[in-house]
Asks: 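First, the structure itself, so that you have it in front of you.
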Amino acid sequence: MKEKKIVENTVENSLETPEVKEEKKEAIVEPVFPEHGPIDEKNGKEILVSLKNVDITFNKGEKAVKAVKNATFDIYKGETFSLVGESGSGKTTIGRAIIRINQCSGGEILYKGKKISGKIDRKTDKEVIRNIQMVFQDPAASLNERATVDYIISEGLYNFKLFENEADRVQKVENIIQEVGLLPEHLTRYPHEFSGGQRQRIGLARAIVMEPEFIIADEPISALDVSIRAQVLNLLKKFQRERDITYLFIAHDLSIVRFISDRIGVIYKGDIVEVADAEELFDFPLHPYTRSLISAIPIPDPQLEKNKVLFTYDGSCHDYSVNKPSLVDIGHNHLVFGNEDEIAEYKKIRESGVAPKSITIVDPKAKTKKKPVVEQPAIEEEEVALGESILDVPVHDTGSVLYTIIGFFLPLIGLIMFLLFKHFKYYRSYKSSKKGTIYGCILYGSIIGFWLICLILALII
């Protein structure tokens, strides 16, 4: 009997394919990432993702462009960390580096304490894809137009075999599509049959169905209208509460970021210039670029918004030629980018407890300054009266070529036209009719002069 069992086992082993053997081997091997990440000694929180001195450079040689410079920050388990900055500052570049689309030219990215940037083994790469998902900015471009919603959401389940059987897969897909506010009958449709908000919900469902621990939301609401934005943000917070998901939320609008973020990082031209808790950042914005972003937030009151003076940031205000800057913790879990002199000033401001002024409202009752003169379109041999604004020019001042033609063939009418246009400040039409009238007068004057010369010569002869 024992010999018979041994023979049966050897036959079964010989019939197993290499893929089956590999799956059995993977089932026995320990997981790639530990159950918990390292603990931050300062606050006792678990660090899920950590960036250390990350540089990202595109192209080589003279064409090299350093998109991200020495980026260093941690993202804690279960929080929403928002990365804010203007277009082209490197926000999306950092997000794409975390999911290994962009390669790091320097530094390292850690997930639960294990390096995931640079060259890693195939199994680790697979686990990164499984645990880190991304919701893209443009829902139309990120969805396969030739695939049904059912296949789009199920693709990750197929790739990682995250279902027991077909019934289990269908159940998972139907559950997630209902959780994002759509219906099961939508699964047979294609992306072009949905609105922008519905497409973004499909993209969110595709990410959530993988049951990731970390999601990178790359401006997921910038392409949506205001009412749909609130719905998508509520969905993100709902999944975070229910599934303990950690978010890297990329945005350029601080007004939205304030209400969904635990911590905020501000990035300017590839440099992380400030990192702090959400309320701390808004109460004490220390870096001038952060203050300029807060100043740009619209005020709901139209009268106040009209009288608001924007705080503008100019990078030339810093002198880093000798004393080089760095990201320094000034206390209160608040990190600011600057040199030694600037850091000392930032610490002084923070310890004083007096928040820097980012928004200035001008009193409309105060004596207004004289409005600056805005130059009008150039008028030959004429000067525009001082104090006139470009807004005083009529909307229908087109300067049509028709006025030139009328002035050319009918100089007398053209003369009346350009005098009227000048009086009523139709400057473009004035120039057009004046041009045609002058050319017409020259032509008719030449004809009359030639006729007079011929007449005089005929009388003399």
Side-chain angles (χ1 to χ4, degrees), residues 48-49 75-84 91-92 95 98-99 130-144 147-157 162 169-187 189-264 278:
L48 187 69
V49 178
I75 301 175
Y76 300 123
K77 174 75 173 176
E79 76 168 356
T80 299
F81 182 91
S82 292
L83 200 56
V84 183
K91 309 182 298 296
T92 301
I98 294 174
I99 59 171
R130 164 73 175 76
N131 288 291
I132 302 177
Q133 288 290 305
M134 190 165 185
V135 179
F136 295 91
Q137 180 177 356
D138 186 358
S142 62
L143 300 177
N144 186 353
T148 62
V149 174
D150 185 23
Y151 179 78
I152 290 171
I153 297 175
S154 301
E155 190 170 7
L157 299 178
L162 300 178
R169 182 197 67 80
V170 171
Q171 186 64 39
K172 284 186 175 182
V173 172
E174 288 183 353
N175 288 343
I176 198 65
I177 203 71
Q178 289 176 341
E179 285 191 47
V180 297
L182 298 177
L183 300 173
E185 50 260 35
H186 291 150
L187 293 171
R189 300 182 187 177
Y190 292 86
H192 69 269
E193 300 180 65
F194 296 92
S195 65
Q198 289 174 321
R199 286 196 198 116
Q200 197 61 285
R201 290 166 185 265
I202 295 167
L204 184 58
R206 176 178 59 181
I208 297 293
V209 78
M210 299 288 292
E211 299 181 359
E213 293 184 275
F214 183 61
I215 290 180
I216 301 164
D218 182 15
E219 300 199 38
I221 58 173
S222 62
L224 309 177
D225 57 55
V226 177
S227 60
I228 303 301
R229 286 182 181 186
Q231 295 175 14
V232 173
L233 289 176
N234 289 334
L235 275 175
L236 290 171
K237 297 302 289 183
K238 170 180 173 285
F239 288 126
Q240 187 174 43
R241 288 192 305 269
E242 294 175 354
R243 300 168 184 256
D244 195 26
I245 296 173
T246 306
Y247 290 119
L248 170 60
F249 191 89
I250 297 171
H252 58 265
D253 188 353
L254 270 173
S255 61
I256 292 172
V257 163
R258 179 175 190 173
F259 299 103
I260 66 166
S261 306
D262 298 298
R263 290 191 305 137
I264 300 173

Asks: Do you know which two heavy atoms are closest between I176 and A205, and how far apart they sit?
Replies: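 Shortest heavy-atom separation between I176 and A205 comes out as CG1-O, 3.8 Å.
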Asks: What's the separation between atom CD1 in I99 and atom CG in D218, rounded to the nearest 0.5 Å?
Replies: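 The CD1 atom of I99 sits 9.0 Å away from the CG atom of D218.
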Asks: For the pair K172 (side chain) and L162 (backbone), establish whether a donor and an acceptor sit closer than 3.5 Å, ignoring hydrogens and angles.
Replies: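 Flag set: sc K172 to bb L162 pair under 3.5 Å.
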Asks: Please check this pair: side chain of R189 against backbone of V149, looking for a donor-acceptor N/O pair closer than 3.5 Å.
Replies: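 Flag not set: sc R189 to bb V149 has no pair under 3.5 Å.
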Asks: Taking atom CG of D262 and atom CD1 of I264, what is their separation to the nearest 0.5 Å?
Replies: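 D262 atom CG to I264 atom CD1 measures 9.5 Å (nearest 0.5 Å).
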Asks: Is F214 close to L248 at the side-chain level, that is, under 4.5 Å between some pair of heavy atoms?
Replies: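 Answer yes - side chains close enough.
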Asks: State, to 0.1 Å, how close A207 and I215 come at their nearest heavy-atom pair, and which atoms those are.
Replies: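 Of all heavy-atom pairs spanning A207 and I215, the closest is CB-CD1, 4.4 Å.
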Asks: Which heavy-atom pair separates S222 from H252 by the least distance, and what is that distance?
Replies: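 Looks like CB-CE1, 4.2 Å.
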Asks: Could you tell me whether the side chain of L233 reaches within less than 4.5 Å of the side chain of I221, counting heavy atoms only?
Replies: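 Contact flag for I221/L233 side chains = yes.
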Asks: Give, for atom CD1 of I177 and atom CG of L204, the distance between the pair rounded to the nearest 0.5 Å.
Replies: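 Answer rounded to 0.5 Å: 10.0 Å.
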Asks: How far does OH of Y190 sit from OG1 of T148, to the nearest 0.5 angstrom?
Replies: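 So the gap between those two atoms works out to 6.0 Å.
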Asks: Please list all pairs meeting salt bridge (Lys or Arg N to Asp or Glu O under 4.0 Å) that have one or both residues in residues 227-241, counting only residues at least two apart or in different chains.
Replies: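 Every salt bridge (Lys or Arg N to Asp or Glu O under 4.0 Å) pair that includes a residue of residues 227-241, provided the two are not neighbours, is E179-K238, K238-E242.
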Asks: Looking at side-chain heavy atoms only, is the closest gap between L187 and V170 below 4.5 Å?
Replies: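 Heavy-atom side-chain distance check fails, nothing below 4.5 Å.
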Asks: Hey, is the main chain of I250 close enough, under 3.5 Å, to the side chain of E219 for a donor-acceptor pair?
Replies: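 Pair absent, no side-chain N/O of E219 close to backbone of I250.
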Asks: When rounded to the nearest 0.5 angstrom, what is the spacing between CZ in F194 and CZ in R201?
Replies: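 Output value for this atom pair is 11.5 Å.
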Asks: Using side-chain heavy atoms (C-beta onward) and a distance below 4.5 Å, is V173 in contact with L157?
Replies: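 Result yes, sub-4.5 Å side-chain heavy-atom pair found.
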Asks: With side-chain hydrogen bond (donor to acceptor under 3.5 Å, both in side chains) as the rule and sequence neighbours excluded, what pairs involving residues 205-217 come up?
Replies: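 Every side-chain hydrogen bond (donor to acceptor under 3.5 Å, both in side chains) pair that includes a residue of residues 205-217, provided the two are not neighbours, is K77-E213, Y111-E213, K112-E213.
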Asks: Among I216, V49, I75, which one satisfies side chain to side chain contact (heavy atoms under 4.5 Å, CB included) with T246?
Replies: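 When side chain to side chain contact (heavy atoms under 4.5 Å, CB included) is applied between T246 and each of I216, V49, I75, only I75 qualifies.
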Asks: If you take all heavy atoms of A278 and S261, which pair is closest and at what distance?
Replies: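 Looks like CB-O, 3.5 Å.
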Asks: If we only count heavy atoms from C-beta on, is the I152 to P191 side-chain gap below 4.5 Å?
Replies: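 Contact flag for I152/P191 side chains = yes.
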Asks: Would L143 and F136 count as a side-chain contact (heavy atoms from CB on, under 4.5 Å) if you check the C-alpha gap in whole Å, the side-chain angles of each, and the deciding distance to 0.1 Å?
Replies: CA-CA 10 Å; L143 300 177; F136 295 91; over 6 Å; no
Asks: If I compare all heavy atoms of P139 with all of S142, which pair ends up nearest, and what's the gap?
Replies: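 Here P139 and S142 meet closest at O-OG, 3.3 Å.
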Asks: Kindly give the heavy-atom pair with the smallest separation between L83 and K91, and that separation in Å.
Replies: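 Result for this residue pair: O-CD, 3.7 Å.
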Asks: Sort out for me which residue in I260, V135, L236 forms a side chain to side chain contact (heavy atoms under 4.5 Å, CB included) with Y247.
Replies: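 Running side chain to side chain contact (heavy atoms under 4.5 Å, CB included) over I260, V135, L236 with Y247 returns exactly one hit, L236.
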Asks: Looking only at side chains, do S255 and D253 share a donor and an acceptor under 3.5 Å apart?
Replies: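 Judged by distance alone, the side chains do pair up.
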Asks: For the atom pair CD (Q198) and NE2 (H186), what is the distance rounded to the nearest 0.5 Å?
Replies: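 Output value for this atom pair is 6.0 Å.
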